[in-house]
Amino acid sequence: QVQLSESGGGLVQAGGSLRLSCAASGRTFSSYAVGWFRQAPGKEREVVATISRGGGATYYADSVKGRFTISRDNAKNTVNLQMNSLKPEDTAVYYCAANRYLGLITTLDQPDYWGQGTQVTVSS
């Protein structure tokens, strides 16, 4: 079992950058595929970016390709999401999530563990 905790959210102007971090408990974090998801007010939760256990494979939603970068440091039990060129439509609560058995998360129903979320607000 793994517990996930997000940090790094906040308020930023359009065009700015934020770096989100997901810290995980447990000694087997490297065995989990991890992803970032987001949910804007009145909208369904959606996949943003995901990364495989070893970090060799990644998946990005079309809306964030070229602007967001996901990375992980298994020695530190962390997964980061670097968000550049932020837009007002990126405003949402961002969640970290993990799956113990998949090589790469690609859909909303695949994670088994979720963090509490961190708010990202992009002003115009």
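- Side-chain atoms of Asn84 and Ser17 include a donor-acceptor pair closer than 3.5 Å.
- Around CD of Gln3, the count of heavy atoms belonging to other residues, nucleotides or ligands within 6.0 Å does not exceed 12.
- Shortest non-hydrogen contact noted between Gly9 and Leu20 is N-CD2, 3.6 Å.
- Remark: Arg45 is positioned above the aromatic ring of Tyr95, its terminal NZ or CZ atom under 6.0 angstrom from the ring centre and at most 45 degrees off the axis.
- Of the charged side-chain nitrogens involved, at least one lies within less than 4.0 Å of a carboxylate oxygen, so that Lys65 and Asp62 count as a salt-bridged pair.
- Side-chain contact check for Thr58 versus Thr50: every heavy-atom pair is 4.5 Å or farther apart.
- Sorted by first then second residue, the disulfide bond (SG atoms under 2.5 Å apart) pairs that include residues 14-112, not counting sequence neighbours, are Cys22-Cys96.
- In this structure, the side chain of Ser52 engages the main chain of Ala57 through a donor-acceptor pair within 3.5 Å.
- A continuous path of hydrophobic side-chain contacts links Val2 to Val34 [ILVMFWY only; heavy atoms under 4.5 Å].
- In this structure, Lys87 and Val122 have side chains that are not in contact, with every pair of non-hydrogen atoms separated by 4.5 Å or more.
- Between Asn77 and Asn74, the shortest heavy-atom contact is OD1-O, 3.1 Å.
- Side chains of Gln82 and Asn80: no donor on one and acceptor on the other come within 3.5 Å.
- Taking the side chain as every heavy atom from C-beta outward, Val79 and Ile70 approach each other to under 4.5 Å.
- Closest heavy-atom contact between Gln110 and Asn99: O-ND2, 2.6 Å.
- Nearest heavy-atom pair, Leu102 versus Ala33, reported as atom, atom and distance to 0.1 Å: O-CB, 3.4 Å.
- Residues Arg100 and Ser31 meet the side-chain proximity criterion, which asks for heavy atoms closer than 4.5 Å.
- A perpendicular orientation is assigned to the rings of Tyr32 and Tyr113, their planes being inclined by more than 60° (bins at 30° and 60°).
- For the pair Arg38 (side chain) and Val120 (backbone), a donor-acceptor distance under 3.5 Å is absent.
- With rounding to the nearest 0.5 Å, the separation of OG in Ser124 from CD in Gln13 is 9.5 Å.
- Residues Phe68 and Trp36 share a hydrophobic cluster, clusters being chains of Ile/Leu/Val/Met/Phe/Trp/Tyr side chains in contact below 4.5 Å.
- Shown here for Ala49 and Leu81, the closest heavy-atom pair between the two residues is CB-CD1, 4.0 Å.
- Side-chain rings of Trp114 and Phe37 approach one another, their centers coming within less than 6.0 Å.
- Leu108 and Leu104 fall within the same hydrophobic cluster, defined by Ile, Leu, Val, Met, Phe, Trp and Tyr side-chain heavy atoms under 4.5 Å apart, directly or through other members.
- Put simply, Leu86 and Tyr60 are part of the same group of oily side chains (I, L, V, M, F, W, Y) that touch within less than 4.5 Å, one to the next.
- If you take OH on Tyr59 and OG1 on Thr106, they are separated by 6.0 Å, rounding to the nearest 0.5 Å.
- With values rounded to the nearest 0.5 angstrom, Ile105 atom CD1 is found 8.5 Å from Thr107 atom OG1.
- Panel note: side chain Gln39, backbone Val93; no donor-acceptor pair is recorded below 3.5 Å.
- Counting all heavy atoms, side chain and backbone alike, Thr91 lies closest to Gln119 at CG2-NE2, 4.0 Å.
- Figure legend: cation-pi geometry between Arg72 and Phe29, with NZ or CZ positioned under 6.0 Å from the six-membered ring centre and within 45° of its axis.
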